Amino acid sequence: MVNLECNVKSCMHNDDNCCCKNVIQVGGGHACRKDETCCESYDERMGDRFTNMMEQPKHMLDVKCTATNCIYNEDHMCRASHISISGMNAAQMDETKCASFEMN
Ligand code: SF4
Ligand code: SF4
């Protein structure tokens, strides 16, 4: 499991810089840079009435990841102890990224 912080406020799963999901999917099959990754579990926040009130922020979660060029990728799972997902001004999935990507 990975300790994750996320500053993507426009995602409905974000609560106070934490993610409320138990598992997320990071994409970046051919990524050679951080910018070429994204959080594929991003869902646009459509307003408070669409926020799932049952969701609680998770500090540790499983991170599936297709960015196999990253040193932390092992069998499509992230093995880093801590990662940051970023996208302060993201309005869609493509504008998020894994800021912890390190080229192998
Ligand atoms: S962008 Fe990804 S990591 Fe961040 S809150 Fe949304 S689903 Fe979780
Ligand atoms: S640190 Fe690497 S392996 Fe972990 S989620 Fe980010 S890109 Fe994927």
Side-chain angles (χ1 to χ4, degrees):
M1 298 189 69
V2 179
N3 174 248
L4 181 145
E5 63 175 293
C6 175
N7 68 8
V8 185
K9 299 286 190 193
S10 62
C11 177
M12 67 179 287
H13 306 297
N14 193 290
D15 187 347
D16 201 18
N17 288 323
C18 288
C19 183
C20 293
K21 292 181 76 75
N22 292 316
V23 53
I24 64 162
Q25 176 73 56
V26 171
H30 302 287
C32 295
R33 304 193 322 257
K34 301 175 199 291
D35 287 353
E36 293 171 342
T37 66
C38 69
C39 178
E40 293 182 345
S41 299
Y42 173 92
D43 284 310
E44 186 180 358
R45 191 186 294 275
M46 304 298 278
D48 284 347
R49 68 198 171 99
F50 288 106
T51 302
N52 184 351
M53 300 305 281
M54 301 303 286
E55 287 193 324
Q56 296 291 326
K58 309 285 188 312
H59 295 282
M60 301 291 290
L61 58 156
D62 286 323
V63 179
K64 298 180 184 178
C65 180
T66 58
T68 49
N69 288 335
C70 176
I71 58 171
Y72 299 114
N73 197 299
E74 245 180 69
D75 297 331
H76 293 90
M77 294 294 293
C78 180
R79 301 298 182 199
S81 54
H82 174 91
I83 67 168
S84 298
I85 301 292
S86 73
M88 283 285 246
N89 302 309
Q92 56 191 38
M93 181 195 299
D94 290 355
E95 294 168 357
T96 67
K97 67 181 174 191
C98 177
S100 303
F101 174 91
E102 294 286 345
M103 186 70 183
N104 204 338

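Predicted, not measured: the structure shown is a model, and the values here were computed from it.
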Heavy-atom closest contact ([X] atom, [Y] atom, distance):
{"X": "Asn89", "Y": "Glu95", "answer": "O-OE1, 4.0 Å"}
{"X": "Ala90", "Y": "Ser10", "answer": "O-OG, 2.6 Å"}
{"X": "Cys98", "Y": "Thr37", "answer": "N-OG1, 2.8 Å"}
{"X": "Glu55", "Y": "Met12", "answer": "OE1-O, 3.7 Å"}
{"X": "Cys78", "Y": "Ile83", "answer": "SG-CG2, 3.9 Å"}
{"X": "Thr66", "Y": "Asn73", "answer": "C-ND2, 4.2 Å"}

Nearest 0.5 Å, what's the [atom1]-[atom2] distance between [X] and [Y]?
{"X": "Cys20", "Y": "Lys58", "atom1": "SG", "atom2": "NZ", "answer": "6.0 Å"}
{"X": "Met1", "Y": "Arg79", "atom1": "CE", "atom2": "CZ", "answer": "12.0 Å"}
{"X": "Glu40", "Y": "Lys64", "atom1": "CD", "atom2": "NZ", "answer": "11.5 Å"}

- Query: Got a donor-acceptor contact below 3.5 angstrom from the Ser84 side chain to the Glu5 backbone?
  - Reply: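 No, because the side chain of Ser84 does not come within donor-acceptor range (under 3.5 Å) of the backbone of Glu5.
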- Query: Has Asp75 got more than 12 heavy atoms of other residues, nucleotides or ligands less than 6.0 Å from its CG?
  - Reply: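 At most 12 heavy atoms, drawn from other residues, nucleotides or ligands, come within 6.0 Å of this atom.
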- Message: Does His30, at its NE2 atom, have more than 12 non-hydrogen atoms belonging to other residues, nucleotides or ligands within less than 6.0 Å?
- Response: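 It does not: His30 NE2 has 12 such atoms or fewer within range.
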